[in-house]
Amino acid sequence: MTPATQTAVKNGEAPATGADRDPVVDNRLHGFSREELHALLADMLLYRRFEEKAEEAYAIGKIGGFCHLHIGQEGLAAGSIKPLRADDLVITAYREHTQAIAKGITPRAVMAELYGRVGGCSGGRGGSMHLFDTTVGFYGGHGIVGGQIPLGAGLAWAIRYRGGDQVCVCFMGDAAVNQGAFLESLNMSAVWQLPVIYVVENNGYGMGTAFSRVSVTEMEARSGAYGIPAHTVNGQDVLETFRFFEGLVERVRGGAGPQFVNAVTYRFRGHSMSDPVSGTYRSKEEVEAHVQGEDPITILRDRLMGAGLLTQEELEGIDAGARAASDDAAEFADASPLPDPSTLYDHVYAEINPHGRLFLDGRDRGGAGG
Amino acid sequence: MTPATQTAVKNGEAPATGADRDPVVDNRLHGFSREELHALLADMLLYRRFEEKAEEAYAIGKIGGFCHLHIGQEGLAAGSIKPLRADDLVITAYREHTQAIAKGITPRAVMAELYGRVGGCSGGRGGSMHLFDTTVGFYGGHGIVGGQIPLGAGLAWAIRYRGGDQVCVCFMGDAAVNQGAFLESLNMSAVWQLPVIYVVENNGYGMGTAFSRVSVTEMEARSGAYGIPAHTVNGQDVLETFRFFEGLVERVRGGAGPQFVNAVTYRFRGHSMSDPVSGTYRSKEEVEAHVQGEDPITILRDRLMGAGLLTQEELEGIDAGARAASDDAAEFADASPLPDPSTLYDHVYAEINPHGRLFLDGRDRGGAGG
Amino acid sequence: MAEITYREALNAAMCQEMDRDDSVFLLGEEVAEYDGAYKVSRGMLARYGDRRVVDSPISELGFAGLCVGAAMAGLRPICEFMTFNFSILALDQVINSAAKMLYMTNGQVPIPMVFRGPTGAALQLSAQHSQACETYYVHAPGVKLVTPATPADAKGLLAAAIRDDDPVAVMEGELLYNVRGEVPDEEYVIPLGVAEVKRTGEDVSIITHGKMVHIALQAARALEREEIEAEVLDLRSLRPLDVDAILATVAKTNRVVYLEEGWPFAGVGAQIVSLIQDEAFDELDAPVLRVTQADVPMPYAKNMEQLAKPGVKAVVEACRKVLYMEVGTS
Amino acid sequence: MAEITYREALNAAMCQEMDRDDSVFLLGEEVAEYDGAYKVSRGMLARYGDRRVVDSPISELGFAGLCVGAAMAGLRPICEFMTFNFSILALDQVINSAAKMLYMTNGQVPIPMVFRGPTGAALQLSAQHSQACETYYVHAPGVKLVTPATPADAKGLLAAAIRDDDPVAVMEGELLYNVRGEVPDEEYVIPLGVAEVKRTGEDVSIITHGKMVHIALQAARALEREEIEAEVLDLRSLRPLDVDAILATVAKTNRVVYLEEGWPFAGVGAQIVSLIQDEAFDELDAPVLRVTQADVPMPYAKNMEQLAKPGVKAVVEACRKVLYMEVGTS
Ligand SMILES: Cc1ncc(C[n+]2csc(CCOP(=O)(O)OP(=O)(O)O)c2C)c(N)n1
Ligand SMILES: Cc1ncc(C[n+]2csc(CCOP(=O)(O)OP(=O)(O)O)c2C)c(N)n1
Ligand SMILES: [Mg+2]
Ligand SMILES: [Mg+2]
């Protein structure tokens with residue numbers, strides 16, 4: 001099992017510092033090496049800076065449409081995706097910029113997609129909600145709440161059908177578990193014992209609606225109906241999350257069948273760019289408390305500094321790298337051309353049949369197709 | 001709480017025979033009076049004879065389309081619906097002839113509906129799968145598996161909205177719990193504490209598919225995800241079922257919130273008229289064993305005879321009544337006219353707007369509407 | 001008569017009807033505490049309480065069906081879809097329950113309810129969030145459908161929809177919510193099935209509905225500069241359909257362009273063309289042309305989205321074409 | 001060439017394709033152990049095993065989506081809907097996932113799959129089980145749609161649909177399953193987008209698709225007795241649409257009737273009329289008339305159902321009408 005991108009932690013290596021470390025701190029470091037810890041910090045800082053850059057770009061109109069930031073939830077992106085193999089599959093909803101980067105899409109390709117440019121990972125056609133790169137096993141980016149859940153089951157179905165040992169990780173928001181697709185997909189996954197891990201990014205809210213207002217049970221209760229084991233993990237602790245997923249992925253790879261993970265996290269920004277951070281449905285105090293106490297980046301930083309594994313200088317260096325990569329992504333995006341208007345009708349169909357008309361708007365009237 | 005139709009058991013009356021009865025037998029009689037017991041037997045025999053008659057009529061082409069018989073499941077129809085008040089609401093799927101009769105639609109109106117005649121409870125427009133009579137609180141008769149589940153939640157919503165103390169009983173087959181509508185409806189019912197009882201008529205099969213082939217959990221596991229209590233009842237024992245529902249309905253009426261009942265039963269006929277009773281998906285032996293050992297009518301009959309509460313003569317009298325009512329229903333249906341062709345466009349809309357055209361097939365071209 | 005926004009007009013219609021009839025309630029995602037995803041229900045929770053203004057889980061099929069069930073019992077639900085894109089999940093309850101119920105029950109169970117929310121594209125929301133859903137609602141008999149284009153129409157048509165005893169889909173436009181216009185303050189109801197000539201003209205008729213009315217009016221202004229007088233007929237209601245108004249404008253100009261936001265194949269315009277050629281065959285001096293979204297899923301990139309959407313230029317060209325003028329010179 | 005049933009022809013097409021390509025599998029309700037609700041997949045479980053012939057729970061949205069997901073990963077699922085009526089529950093996955101995926105991914109993720117099953121009415125199945133679903137599948141670009149009317153077309157079109165790299169809906173007819181006809185024994189594929197003249201004639205064209213082809217042929221025989229020679233054009237494929245064949249028959253007879261099983265508003269026929277009047281305006285000697293289901297939910301009662309369905313008589317009358325003959329005398 002090797003991480004998907006070069007910045008990621010290398011597993012299976014012994015922790016760098018030896019037996020003289022404080023066992024409590026060590027325990028909280030989950031046996032990661034210094035390099036691995038720095039790499040995880042670098043990953044999360046990249047996600048943060050990248051999205052801050054996107055926020056800026058949105059404000060000046062470089063990015064349009066809906067844009068859902070993952071800020072605050074980066075521990076989960078790194079902790080759940082970095083343990084995956086390159087050929088494992090990820091599918092998710094529309095709050096997926098950092099997940100896409102975690103799985104191996106370059107910041108450039110993601111940013112260019114947000115800008116709607118040809119250099120984007122979906123050629124500028126998909127936008128923020130529809131990031132795709134199947135070469136790194138990232139299957140989108142879906143905008144209908146719950147729509148990706150059956151698709152994730154289908155990806156896992158294909159793995160099983162071919163006798164492969166990959167795993168599919170299917171993310172969703174907490175609100176998505178109230179969609180019927182959730183029941184149908186989990187049930188089928190259980191019946192066919194598909195190699196899929198359903199991960200709820202439980203940030204407590206679906207837009208302005210607290211989960212407790214649309215459910216009388218806790219999240220953990222939602223998968224038992226189908227005989228799928230439920231697990232809870234603290235998504236703000238990237239190390240705990242990483243180790244947890246590392247183990248779970250191996251179990252699923254080994255045939256343990258579908259799993260359900262309640263990953264507890266918090267969204268530091270509004271639902272999308274038009275939603276204020278606090279006000280209507282959650283108080284300023286509530287948000288502040290989370291930002292202060294539960295920032296996955298701060299948590300890791302403090303832990304590393306506390307253990308003497310990170311200096312202020314190193315931190316600044318890592319952060320500078322993250323900012324540079326984000327700036328570079330934005331510059332790349334800005335320089336990338338708009339899609340060529342002549343391609344408007346490309347990729348509606350994979351196969352243009354030699355007979356008959358496929359487009360009914362007059363486009364291929366008299367042309368080859370009609 | 002009074003039963004809905006005149007044939008039904010009257011509750012709250014002391015058992016007719018006194019203290020000299022065998023306590024074990026008595027216990028199995030659940031404290032019902034002789035009259036009540038006879039009435040329940042009469043109800044079930046009516047359902048049985050009625051559907052046997054329908055079967056005959058289908059064979060000679062008097063009834064068309066799909067026709068799903070409830071034979072074998074009558075204990076559940078009587079036991080769950082007879083305890084309801086006249087103003088309680090029932091909604092169900094397409095295997096609903098006997099449920100409709102239990103709630104108070106006359107055998108004549110049901111049979112005429114199967115025949116597609118104006119005397120039918122849906123005027124011949126609905127057919128076997130769409131029996132309706134809102135004056136007795138019977139809200140159909142729905143053909144899309146799971147489609148009635150949100151509708152049942154909506155009926156219960158209306159009760160709560162108006163501050164009424166009625167209860168809505170929403171039936172479904174075992175296969176329907178795999179529809180997403182199940183999750184969505186149960187969850188909303190729990191969130192809003194609706195006065196609804198979801199009853200699964202668990203006959204073990206959805207068409208040719210055993211429940212165990214499409215679920216890794218038992219039926220009881222399916223409602224806990226939404227915090228809705230699950231109950232199991234033996235639907236072949238009409239007395240147990242009646243007492244169970246009697247209690248449950250009162251609790252829901254009193255504000256206990258939504259409930260989920262796994263009512264275990266068995267279908268003695270094929271899924272519909274074209275499906276053989278046994279062969280592909282269940283063995284002859286399996287069916288025989290149920291018909292011999294788990295016929296709700298036989299069970300009650302034997303129990304009553306064992307307790308000296310029913311003579312062969314009485315049984316024959318009751319059965320003759322059931323046959324006569326079924327014959328009468330068929331005669332009524334046969335004599336009832338076909339719907340008047342001039343009514344084809346009636347009841348598409350409740351309100352024919354004075355302006356504009358509602359029918360686009362040329363029908364009101366030049367007429368009042370267009 | 002005050003000038004208010006389309007959003008406020010919808011709000012006013014709901015309040016008007018909720019004030020007069022306790023059986024009317026509003027249910028949907030974010031309609032209560034959040035005041036609506038697009039703030040259409042602003043203030044309504046405070047005014048009517050959480051019995052009548054209700055936040056639902058994200059369960060489109062379920063809550064649409066729940067509303068149909070409540071309507072079966074005689075209530076008059078307003079079921080808000082955050083956008084109609086999401087209502088595709090609920091279509092089974094719209095078509096198989098709401099539309100067919102009255103007929104299957106032989107008239108016993110009317111479904112007096114409203115499905116409402118924005119339809120069609122806003123700006124750069126990409127393929128899954130930019131779909132005009134009229135065809136899905138108008139194909140099956142049993143559901144009525146209105147598409148208000150102005151604040152006044154929004155108030156009058158939504159009020160009429162709530163009062164109607166049948167299920168009525170009210171398709172709004174996200175890009176219309178901030179549009180301002182004169183709206184009667186008093187009780188105001190526009191009968192379903194009455195189209196409105198939004199601009200008169202002799203030379204060519206642009207027939208359209210919903211948000212596209214504004215594109216049609218812009219096109220008419222552009223044509224005016226070429227001394228072409230276009231009539232703009234806003235159908236307002238697709239079912240019932242004001243056939244008299246359609247035939248009147250055809251008889252007047254003999255040349256027609258149908259403009260709609262959605263895709264061409266089996267679009268609303270296809271039906272209007274079919275109707276016109278059937279009932280006014282001899283009145284036509286040219287084939288009816290249609291302007292629609294390009295027959296592709298909506299792309300995200302701004303330039304591509306503009307290209308895919310039906311715009312003023314395409315309407316002007318179509319009008320010139322039905323007038324047998326040279327095209328592409330304007 | 002053997003004479004086999006339409007049902008057997010579909011079975012043969014699936015086996016033909018499953019034999020040549022391991023990535024093809026069949027999934028749906030009752031397709032395996034029960035051999036299919038209508039026995040279309042008879043023997044396939046025994047032949048291919050439960051890896052490739054799979055019974056699903058009753059979860060239309062879920063299993064349709066699962067098949068789309070499997071197609072995203074490169075498999076070629078055949079997703080059987082017991083009938084297309086039930087697929088309304090799955091439309092979100094058809095439209096928002098299958099149809100839009102390739103575009104949203106800029107061509108990265110084709111969806112090479114088939115949705116198949118019967119559409120339209122059988123006999124007395126009442127409102128919820130008697131719906132022709134073409135419009136719901138043809139409106140959004142991204143999905144192709146074929147409607148075989150004969151056993152040979154069933155084999156050839158289903159095989160082509162399975163081989164096609166796009167999602168293709170194959171709409172069959174429950175009442176066609178027992179129809180017999182000559183079908184090539186060898187590998188047989190009919191290219192998508194090629195209509196077929198099922199009967200030639202000079203006087204009037206009946207254009208149609210699917211099960212209605214048989215009604216059209218009956219009507220043509222009835223007209224023959226009045227010495228009217230009707231041409232019957234079976235579109236076979238609605239998307240891609242064989243426009244050349246349509247224009248050819250229009251040019252030949254100058255009079256057209258479109259016959260379809262579904263409802264009128266935004267039906268397939270509306271689109272065909274729109275296309276003909278646009279592209280062959282001057283060829284038409286009369287408006288194109290349409291024969292459709294009555295614009296009502298399907299009633300159960302036998303007499304009412306017959307009345308609601310488009311039948312031979314209505315087609316004959318429409319043909320007489322476009323020929324400007326007296327109507328109602330035959
Ligand atoms: C079917 C559907 N309904 C509604 C929406 C609008 N919508 C977009 S995101 C969202 C909230 C989802 O919340 P959650 O699943 O918790 O994910 P989060 O945004 O918190 O990551 C809603 C209602 C949608 N996109 N799809
Ligand atoms: C959505 C939908 N899918 C498929 C069908 C076809 N169908 C009718 S009944 C049935 C089986 C339902 O079984 P169950 O819910 O257990 O009820 P039972 O017939 O045993 O009473 C199926 C698959 C349908 N009517 N609706
Ligand atoms: Mg959330
Ligand atoms: Mg069953």
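Proteins come first, then strands; the chains are lettered A, B, ... in the order of their sequence lines, and each starts at number 1.
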Problem set entry | Pair Leu358(B)-Val348(B), side-chain contact (heavy atoms from CB on, under 4.5 Å): steps then yes or no | CA-CA 9 Å; Leu358(B) 277 172; Val348(B) 181; over 6 Å; no

Exercise. Should the heavy atoms of other residues, nucleotides or ligands under 6.0 Å from CD of Glu286(B) be counted, would the total exceed 12?
Worked result: yes

For this session: Give the C-alpha distance, both sets of side-chain angles, the deciding distance and a yes or no for side-chain contact (heavy atoms from CB on, under 4.5 Å) between Phe132(B) and Ile105(B).
Result: CA-CA 8 Å; Phe132(B) 284 85; Ile105(B) 310 188; over 6 Å; no

Problem set entry | Pick from Tyr345(B), Tyr281(B), Phe211(B) with the largest number of heavy-atom pairs that fall under 4.5 Å of chain D | Tyr345(B)

Problem set entry | Residue part contacting chain D, namely of Met207(B), when any heavy atom lies under 4.5 Å | both

Exercise. By a 4.5 Å heavy-atom criterion (distance strictly below it), what part of Leu123(D) contacts chain B: side chain, backbone, both, or neither?
Worked result: backbone

For this session: Please work out whether the ring planes of Phe268(B) and Tyr266(B) are parallel, tilted or perpendicular, with thresholds of 30° and 60°.
Result: tilted

Seminar exercise, completed: Of the listed His347(B), His142(B), Arg125(B), the one with the largest count of heavy-atom pairs under 4.5 Å with chain D is Arg125(B)

Exercise. Of the backbone (N, CA, C, O) and the side chain (C-beta and beyond), which part of Thr280(B) lies under 4.5 Å from a heavy atom of chain D, both, or neither?
Worked result: side chain

For this session: Could you look at Tyr38(D) and say if it's the side chain, the backbone, both or neither that has a heavy atom under 4.5 Å from chain B?
Result: side chain

Seminar exercise, completed: Pair count under 4.5 Å, heavy atoms only, with chain D: among Ser128(B), Gly120(B), Gly180(B), Gly64(B), highest is Gly64(B)

For this session: Name the member of Ala294(D), Pro297(D), Ala308(D) that forms the most heavy-atom pairs with chain B at distances under 4.5 Å.
Result: Ala294(D)

Exercise. Quick one: what part of Tyr34(D) sits under 4.5 Å from any heavy atom of chain B, side chain, backbone, both or neither?
Worked result: both

Problem set entry | Residue Ser56(D) versus chain B: region with a heavy atom under 4.5 Å | backbone

Problem set entry | Part of Ile88(D) within contact of chain B (heavy atom distance under 4.5 Å) | neither

Problem set entry | Donor-acceptor under 3.5 Å (Arg267(B) side chain, Asn203(B) main chain) | no

For this session: Inspect the surroundings of NZ in Lys302(D) and state if more than 12 heavy atoms from other residues, nucleotides or ligands are less than 6.0 Å away.
Result: no

Exercise. Just checking, is any N or O donor in the side chain of Tyr198(B) or Ser185(B) under 3.5 Å from an acceptor N or O on the other one?
Worked result: no

For this session: Under 4.5 Å, counting heavy-atom pairs only, tell me which of Gln179(B), Arg117(B), His271(B) racks up the most with chain D.
Result: Gln179(B)

Exercise. For the ring pair Phe84(D) and Tyr136(D), is the centre-to-centre distance below 6.0 Å?
Worked result: no

Problem set entry | Verdict with supporting geometry, Lys53(B) and Glu56(B), salt bridge (Lys or Arg N to Asp or Glu O under 4.0 Å) | CA-CA 5 Å; Lys53(B) 194 80 202 169; Glu56(B) 269 176 55; 3.6 Å; yes

Exercise. Phe182(B) versus chain D, heavy atoms under 4.5 Å apart: side chain, backbone, both or neither?
Worked result: neither

Exercise. Looking at Gly62(D), Gly267(D), Ala32(D), Ala301(D), which makes the most heavy-atom pairs under 4.5 Å with chain B?
Worked result: Ala301(D)

Exercise. Do the side-chain N and O atoms of Glu30(D) and Thr209(B) include a donor-acceptor pair separated by under 3.5 angstrom?
Worked result: yes

Exercise. Is it the backbone or the side chain of Glu60(D) that comes under 4.5 Å from a heavy atom of chain B, or both, or neither?
Worked result: both

For this session: Measure up the His129(D) and Phe66(B) rings against each other and bin them: parallel (under 30°), tilted (30 to 60°), perpendicular (over 60°).
Result: perpendicular

Exercise. Most heavy-atom pairs under 4.5 angstrom with chain D, which of Leu338(B), Val145(B), Val118(B), Ile63(B)?
Worked result: Leu338(B)

Problem set entry | Residue among Ser126(D), Pro299(D), Ala122(D) with most heavy-atom pairs under 4.5 Å to chain B | Ser126(D)

Problem set entry | Region of Ser215(B) in contact with chain D, defined by heavy-atom distances below 4.5 Å | neither

For this session: Let me know which of Glu51(B), His68(B), His70(B), Glu113(B) forms a side-chain hydrogen bond (donor to acceptor under 3.5 Å, both in side chains) with His97(B).
Result: Glu51(B)

For this session: Walk me through it: do Arg290(D) and Glu260(D) pass the test salt bridge (Lys or Arg N to Asp or Glu O under 4.0 Å)?
Result: CA-CA 8 Å; Arg290(D) 295 171 58 196; Glu260(D) 72 187 301; 3.5 Å; yes

For this session: Below 4.5 Å from any heavy atom of chain D, which atoms of Asp340(B) appear? Answer side chain, backbone, both or neither.
Result: backbone

For this session: Pick one of side chain, backbone, both or neither for Arg213(B), based on which atoms fall under 4.5 Å of a heavy atom in chain D.
Result: side chain

Problem set entry | Toward chain B, the part of Thr292(D) with a non-hydrogen atom under 4.5 Å | side chain

